[in-house]
Amino acid sequence: MEPSDEEFEEDRGKSLRNGTECLEQAPRKKSLPDKDDGAHLQPISRENFFSAFSSDTVVLTLLTVIAAVTRLWHLGHPHTALKSEESFSQSVEDYRTGTFHFGRDPPFPQQLTSYLAGTDEDDFDDDLENGVSLACLRFLPALFGTVSVPISYLIMKDIGCSRLAAGFVVLAFLLEPAFIIASRVAAAESFGRFFAMLSVFLLLRFVKEKRSDSMGASVYSTLIGLSLGLAISSTYASICTLLLCVWIALRSVWKVVGNLSLTWWQIFGYIRLCINAVIFLPLAVYICCITFHIIWLPFAGMNHLPGLSLAFESTLEGGMDVVASSQPDYVAYGSLVSLRNVMGAPDRPCWVHSHKMAYPKTYGDDGRRSSNQQQVTGFAFKDVLNWWVIKDPNAEETALDDPPVGIQDGDIVQLMHGLTNRLLNSYEVIQAPMSPECQEICAYTDTPHPQQNRWRIVFVHDYEPGTKLQNGIQFFLQHVPSAGLLTLTKKKLPHWALEHWEVAACHPGEEPTNASEWTIDEHRYPEWHRKTNTQEREWEIRGQEFLPEGPSRLSLWNKFLHLHRAVLSLKDANTQGDVATPMQWLTGRTVAMVWGKPKSKRQIALLSGSLVWRCGSAAILTAPVILVILWLWRARYPLSSPIPEKEWSRIAFTAEVFLVGFFLNFLPYFVTEEPLFLHEYLPALGFAIFLAGALLGEIVDQTLPKSTAQLVGLSFWAAWAAVLFYNFQQSFSLTYGMSDVSARQFQRLNAYRQ
């Protein structure tokens, strides 16, 4: 018998109520925390702004204390400035005296050190000798190196790694001798590494905030921008970390755009915060740092700064004296010069000039014939076509000798035009265009009579024997075959010579006039050599800067551009030391001597190839392979993947951050032509260590049960700490230089050098 509709509904209601009661009485499964990169995390509030620090206060405090002991112990030793500290200490001293300078890296570390050290310049050099000021100079790098240790722990915890992984990484940063030595040297690299690591940590915290309307997001955005700005204001190598932060921000923005729970107003606000954090604020901080550098240092130094434009240097107090002394001491064969007439054109100075236009075949109505060669004229303005190279007639090349051979009174030379490579020439049988009583001057390259392009240097006044030609000495240029003197006739040439002034070889009377007297106006030792081709030589000549006649008026923005052009043209003067290649950093054993006491066995050396370096290299080589295998497995067998989706997203994000950070800090060194040193690999080594710790932690967590994983992780952590402490103890003398190096360590150093 079938139940009626009323009975059916009554039975159905009882069943539903019973099911609901069963569900309410059943134990509920605890929800797991979201372990992805923060797509659904709650906004950062004022209460949990410092949650990353408060959850591990004891651990962070202990790490900071131990790191401070290893970095600050006997910081004043060695008591003499290291080679790498000389430029840093000199820069700090220049800030104390207001003397303008610049280097290969931005000036923020020197600015901060000088500000904290005070502005009293009394006995500054004496303090350097007794070690007091050296301890002061080394304090900030050591302090930043100390704080970098707990920051490394926070990065690992914040990206979602286990305590095992974080402990693996922080012990490496804490006890690896390379990081300790780099933190105890007064150099800008320690500043850059700290601010770069702080920027990465803050950005990882920031990307968890998917809303722009909270106080925490704005605070983190501002702190990220300040940290990145100070990082690139400390070392230009931190630009690699800036690019990493831009990549993380773009990745986060892409996820936010796909989050349908957010409004377009919130998305645009989040994008604005990202742009401020990784672009606008870092750029603003860097510009402020350089501007402050320009304003703080108004005085010129004793010597010309290589690479700095003469226009910029003339704006400094005392800069014109430095500009005047920036030229070489004397003129030599191979010198690049401009010749200025002592008398000059009416109301204007005048220089010997030449251009590619040739003389007409005949002059005027009388039909006088010309050489029909390249014109040589007098030009009343400084111009790139005024440059001439003084050439030895007996040499085929124009390159400078080493050392340069100076030109003296009575020497015979050839004058080769800088841009056209034609020789200054004259013929007795060819009259000048406007002065028929004089000889025409032309620039001829294939003359059948080589002696026609010989000129004798004759000093106007008497000097001591052996005096070399230099700026300020007046001289005649006498044509050797005809004895005519190069003269500015004060006559203007027609339109076919662009109305320049006439230059001719005239035969003066008993007393030559100052129209035949010349002086070296500007003088350079060019950098070309015998293998330099014509095009490279032309580029160098066109790049020569003329001496300003007075202090230049440059805006602050123009000074900013001039300074950066000088930085880009600056070459590394430190060509001595233990140079290595990037592949040797990654796979080989290299050594960099930091300090050695004369007549003693005490040394400080930076060594690669330790267990920490090898673990980082192994992680860089194996992690991509493991990720590719897991990715193919998930693509081929999505239902049997050993790692859940959320865990896979977190692992992929972690590996992506550390791999991109490593290659951004490693690959650029393959294209540089500058000598490379071991300390330049430390930023990339840091990301390799991060990756090694994350890889180890995930292997343990994903392959072992929870209870077993904790036991194995604790055992491995203890063994890792013991090994690192043993390595630290064995490298103690090479790290601090307080005791003699043992014979075994000497053998190790020799093996690394080989």
Between [atom1] of [X] and [atom2] of [Y], what distance do you get to the nearest 0.5 Å?
X      : Y      : atom1 : atom2 : value
Phe168 : Leu696 : CZ    : CG    : 6.0 Å
Leu607 : Leu678 : CG    : CG    : 8.0 Å
Leu230 : Ser234 : CG    : OG    : 6.5 Å
Leu154 : Leu204 : CG    : CG    : 11.0 Å
Phe144 : Leu198 : CZ    : CG    : 10.0 Å

Exercise. Without hydrogens or angle criteria, can the side chains of Gln111 and Tyr95 be said to hold a donor-acceptor pair below 3.5 Å?
Worked result: yes

Problem set entry | Donor-acceptor side-chain pairing of Trp613 and Glu176 below 3.5 angstrom | yes

For this session: Evaluate the criterion side chain to side chain contact (heavy atoms under 4.5 Å, CB included) for residue pair Phe100 and Leu305; output intermediate values, then yes/no.
Result: CA-CA 9 Å; Phe100 188 85; Leu305 296 175; 3.9 Å; yes

Given the side-chain rings of [X] and [Y], with only the six-membered ring counted for Trp, is the space between their centroids under 6.0 Å?
X      : Y      : result
Phe732 : Trp73  : yes
Tyr681 : Phe677 : no
His77  : Trp595 : yes

Exercise. For Ile620 and Ala688, which heavy atoms make the closest approach, and how far apart are they?
Worked result: CG1-CB, 3.9 Å

Exercise. Quick one: does Val169's side chain get under 4.5 Å of Tyr153's, heavy atoms only?
Worked result: no

Problem set entry | Side-chain heavy-atom pair Val591, Ser608 within 4.5 angstrom cut-off | no

For this session: Could you tell me whether Tyr525 atom OH has more than 12 heavy atoms of other residues or ligands within 6.0 Å of it?
Result: yes

